[in-house]
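What's counted below: heavy atoms across the whole structure, side chains too, no hydrogens, waters or symmetry copies.
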Amino acid sequence: MSAPAPSSLAIVDAEPLPRQDEVLTPAALAFVAELHRRFTPRRNELLARRGERRAEIARTSTLDFLPETAAIRADDSWKVAPAPAALNDRRVEITGPTDRKMTINALNSGARVWLADFEDASAPTWENVVLGQLNLMDAYNRAIDFTDPRSGKSYALKPADELATVVTRPRGWHLNERHLQLDGTPVPGALVDFGLYFFHNAQRLIDLGKGPYFYLPKTESHLEARLWNDIFVFAQDRLGIPRGTVRATVLIETITAAYEMEEILYELREHASGLNAGRWDYLFSIIKNFRDGGTKFVLPDRNAVTMTAPFMRAYTELLVRTCHKRGAHAIGGMAAFIPSRRDAEVNKVAFEKVKADKDREANDGFDGSWVAHPDLVPIAMASFDAVLGEKPNQKERLREDVSVAAGDLIAIDTLHAKPTYDGLRNAVAVGIRYIEAWLRGMGAVAIFNLMEDAATAEISRSQIWQWINADVVFENGEHATAELARRIAAEELAAIRAETGDEAFAAGKWQQAHDLLLQVSLDQDYADFLTLPAYEQLG
């Protein structure tokens, strides 16, 4: 008697979308189902391990480099694979979601790389998940254009040799895709995003002289990198793609990963192309992991934690040294400023800050950096051009002058800045405004002249939580309390109603966003990720 055929993926509670059959083909869904069967059990084990690691940090309030992997760090002989031509020069990278207009604008932006984002810059509605894949497929086939229904402006791709190289970011391991299930179990969003993209585009990208390149978000350990490497090997073998074609850049945006940078590159070495310094998620991770550690781990206002803070410099300099020691690219952090069409003075000040930030990164040895808006591409490009000239990168700068001890990465109390009342108000205001947009399906949102994504909401709600639980006293004498947060949130909601008008306010999701922010900011049982309860409310 033959074995029963494996059950197939079911599309659950999802309205049909135009052209979805081009993405959700039987063969593509079978590929995703196979990834799910093979790798989700290991993903589940690694998520459980995160909880164990976090409990250990709560007990000890410290972290150290891993003794069991000391031999990997001490072995100077290994390097990651050489960069493919399309990823050798990454001096400016633009980030953004995969909606149709952004796809065209990002590819046309003049940046060397576009981070096509299914993660923090994209709210994972079914429409965003599926049509984002379709937009990338259309772009590679040069079958994409867009006309803005409000302005009538049309967008089309520039010639192929002027387009950015795409590096796609799937969702983090903690997120499921509830609309794709196998025997009633949701498939991890990471496997959906990776599987559909790889299945449809890997060979096409090779034919275009590029390849399937990925950013891996929210990695917490080298064992999670090992899981990704095994997925890459399996996917390449299954589709007849040469091993090593996939290239992955790992975001070092968790505090635990900062202690395992070399091991992460080692696990992915056949497929590794670099590491990136992701600032807001990194701070969020510090708060999350050390939230029981007392006042020495209390962060000031998020805008007071610059990249020149001693513990942030330790993190970025260690990242550059680690990458260059192993032949990988070191990619710097985000310039999130959104230029104002009305206020030239705001732009002048902000552009000077962006330039100073990118000058510092280029001079520290980074090979490239991120921007959130096309108008920032020339500024960042000039900073890196000044240091690189005609060279594609500066991996030869080994930064052997850098020496970072384990304690340097968590020396939060080296900061002199303190939390402020205005900082609390800003965290509440940004949190409500971002979550409201996210619940309407928008993951990248311009708020107060900054492009904000889910990492912003995480740092906002985490700071509210931390300040209340640490009984912070602000400069005006007020204590950080749940009652104060509720009062500010109510005031903010009233201000938004006055600003938008009753009709627009009622049409939005403002009350829902207000309630969700307070839930994840005030609950004693700290939610690991805001996006988990938020996803339950996403349409």
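- The line from CD1 of Ile379 to CG of Asp375 is 8.0 Å long, rounded to the nearest 0.5 Å.
- In the displayed structure, Glu127 atom CD is contacted under 6.0 Å by at most 12 heavy atoms of other residues, nucleotides or ligands.
- With respect to Lys153 and Asp148, no salt bridge is recorded, no charged nitrogen being found less than 4.0 Å from a carboxylate O.
- A salt bridge links Arg91 and Asp89; the closest N-O separation between the charged side-chain nitrogens and carboxylate oxygens is under 4.0 Å.
- Remark: Glu436 does not engage Arg433 in a salt bridge, criterion side-chain N to carboxylate O under 4.0 Å.
- Not one N or O on the side chain of Thr245 forms a donor-acceptor pair closer than 3.5 Å with the backbone of Ile241.
- With hydrogens and angles ignored, the 3.5 Å screen pairs no side-chain donor or acceptor of Asn88 with any backbone N or O of Pro84.
- A salt bridge links Asp138 with Arg19: at least one charged nitrogen is closer than 4.0 Å to a carboxylate oxygen.
- Looking only at distances, no side-chain donor or acceptor of Ser462 sits under 3.5 Å from a matching main-chain atom of Ile459.
- To the nearest 0.5 Å, atoms CG (Asn303) and CG (Asn426) are separated by 6.0 Å.
- Distance check, rounded to the nearest 0.5 Å: CG of Leu493 to NE2 of His514 gives 5.5 Å.
- The two atoms that bring Phe199 and Ala27 nearest to each other are CZ-CB, 3.5 Å, heavy atoms only.
- Side-chain atoms of Arg90 and Thr165 form no donor-acceptor pair, as typed in the model, at a separation below 3.5 Å.
- With hydrogens and angles ignored, the 3.5 Å screen pairs no side-chain donor or acceptor of Glu458 with any backbone N or O of Ala455.
- Between Ile464 and Ala427, the shortest heavy-atom distance links the atoms CG1-CB, 3.9 Å.
- Arg243 has no carboxylate O lying under 4.0 Å from a charged side-chain N of Glu270, or vice versa, which leaves the two without a salt bridge.
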Review point. Taking it one step at a time, do Tyr197 and Phe214 satisfy ring pair (Phe, Tyr, Trp, His ring centres under 6.0 Å)?
Key: CA-CA 10 Å; Tyr197 182 78; Phe214 297 93; 5.6 Å; yes
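- For the pair Val32/Val187, a side-chain contact is recorded, criterion being any heavy-atom separation below 4.5 Å from C-beta on.
- Without hydrogens or angle criteria, Asp367 side chain to Ala330 main chain gives a donor-acceptor distance under 3.5 Å.
- To the nearest 0.5 angstrom, Asp117 atom CG is 7.0 Å from Ser122 atom OG.
- Side-chain contact between Leu136 and Thr168: present, with at least one pair of heavy atoms (C-beta onward) separated by less than 4.5 Å.
- A salt bridge does not link Asp343 with Lys348: none of the charged nitrogens is closer than 4.0 Å to a carboxylate oxygen.
- In this structure, Arg497 fails the cation-pi test against Trp510, since its NZ or CZ atom is not both closer than 6.0 Å to the six-membered ring centre and inside 45 degrees of the ring normal.
- Within the structure, ring-ring contact (aromatic ring centres under 6.0 Å, His included) pairs that include any residue of residues 118-140 comprise Trp126-His179 (at least two apart or interchain).
- For Pro533, the side-chain contact (heavy atoms from CB on, under 4.5 Å) partners two or more places apart in sequence, or in a different chain, are Leu516, Gln519, Val520.
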Exercise for review: Verify side chain to side chain contact (heavy atoms under 4.5 Å, CB included) between Gln203 and Ile206, making sure each step is shown before the conclusion.
Suggested key: CA-CA 5 Å; Gln203 188 58 55; Ile206 293 168; 4.1 Å; yes
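- Side-chain contact check for Phe384 versus Ser369: some heavy-atom pair is nearer than 4.5 Å.
- Rounded to the nearest 0.5 Å, atoms CG (Leu9) and CD (Glu34) are 11.0 Å apart.
- Between the side chains of Asn135 and Thr98, no donor-acceptor pair is found at a separation under 3.5 Å.
- Shortest non-hydrogen contact noted between His271 and Val246 is CD2-O, 3.4 Å.
- The cationic group of Arg178 lies under 6.0 Å from the six-membered ring centre of Tyr535 and within 45° of the ring axis, placing it in a cation-pi geometry.
- A salt bridge links Arg302 to Glu452: one of the charged nitrogens lies within less than 4.0 Å of a carboxylate oxygen.
- Proximity of a side-chain donor or acceptor of Lys358 to a complementary backbone N or O of Trp370 within less than 3.5 Å is detected.
- Side chains of His174 and Asp528: a donor-acceptor N/O pair is absent below 3.5 angstrom, by distance only.
- Distance check, rounded to the nearest 0.5 Å: CD1 of Ile94 to OG of Ser109 gives 4.0 Å.
- Judged purely by atom type and a 3.5 angstrom limit, His373 has no side-chain atom pairing as donor or acceptor with the backbone of Ala336.
- Put simply, the side chain of Lys218 does not reach to within 4.5 Å of the side chain of Trp173, judged on heavy atoms.
- Residues Glu177 and His36 have side chains that never bring a donor and an acceptor to within less than 3.5 angstrom of each other.
- Look at Lys355 and Glu352 and you find no salt bridge, because none of the NZ, NE, NH1 or NH2 atoms lies under 4.0 Å from a carboxylate O.
- Checking side-chain atoms of Lys395 against main-chain N and O of Gly327 turns up a donor-acceptor pair under 3.5 Å.
- Using modelled atom types, one finds a donor on one side chain and an acceptor on the other under 3.5 Å when comparing Tyr215 with Glu93.
- Here the side chains of Arg461 and Phe284 are in contact, with some heavy-atom distance below 4.5 Å.
- The closest donor-acceptor contact from the side chain of Glu162 to the backbone of Lys158 lies at 3.5 Å or more, if one exists at all.
- One finds a salt bridge joining Glu491 and Arg425 here, because a Lys/Arg side-chain nitrogen approaches an Asp/Glu carboxylate oxygen to under 4.0 Å.
- Residues Leu175 and Leu532 are in side-chain contact: their nearest non-hydrogen atoms beyond the backbone lie under 4.5 Å apart.
- For the residue pair Cys323 and His329, the shortest heavy atom distance occurs at SG-O, 3.4 Å.
- Looking at Ile252 and Asn276, their side chains never come closer than 4.5 Å, going by heavy atoms from C-beta outward.
- Side-chain atoms of Asn141 and Arg204 form a donor-acceptor pair, as typed in the model, at a separation below 3.5 Å.
- For the pair Phe366/Leu319, a side-chain contact is recorded, criterion being any heavy-atom separation below 4.5 Å from C-beta on.
- Shortest non-hydrogen contact noted between Met312 and Val305 is CG-CG1, 4.1 Å.
- A salt bridge does not link Arg171 with Glu119: every distance from a Lys NZ or Arg NE/NH1/NH2 to an Asp or Glu carboxylate oxygen is 4.0 Å or more.
- Using a 4.0 Å cut-off between a side-chain N of Lys or Arg and a carboxylate O of Asp or Glu, Asp120 and Arg169 do not qualify as a salt bridge.
- Residue Glu499 qualifies as enclosed at atom CD: its count of foreign heavy atoms under 6.0 Å is above 12.
- With sequence neighbours left out, the salt bridge (Lys or Arg N to Asp or Glu O under 4.0 Å) criterion links Asp453 to no other residue.
- Side chain to side chain, Thr254 and Glu220 fail the donor-acceptor criterion of an N or O pair below 3.5 Å.
- Contact detail for Thr147 and Ser154: the closest heavy-atom pair is OG1-OG, 3.1 Å.
- Counted by atom type alone, Asn128 and Asp99 present zero donor-acceptor pairs between their side chains at under 3.5 Å.
- Note on ring orientation: taking the six-membered ring where Trp is involved, the planes of Phe234 and Phe39 are perpendicular (angle over 60°, cut-offs 30° and 60°).
- Under the 3.5 Å distance criterion, the side-chain polar atoms of Arg247 are matched with a main-chain donor or acceptor of Gly244.
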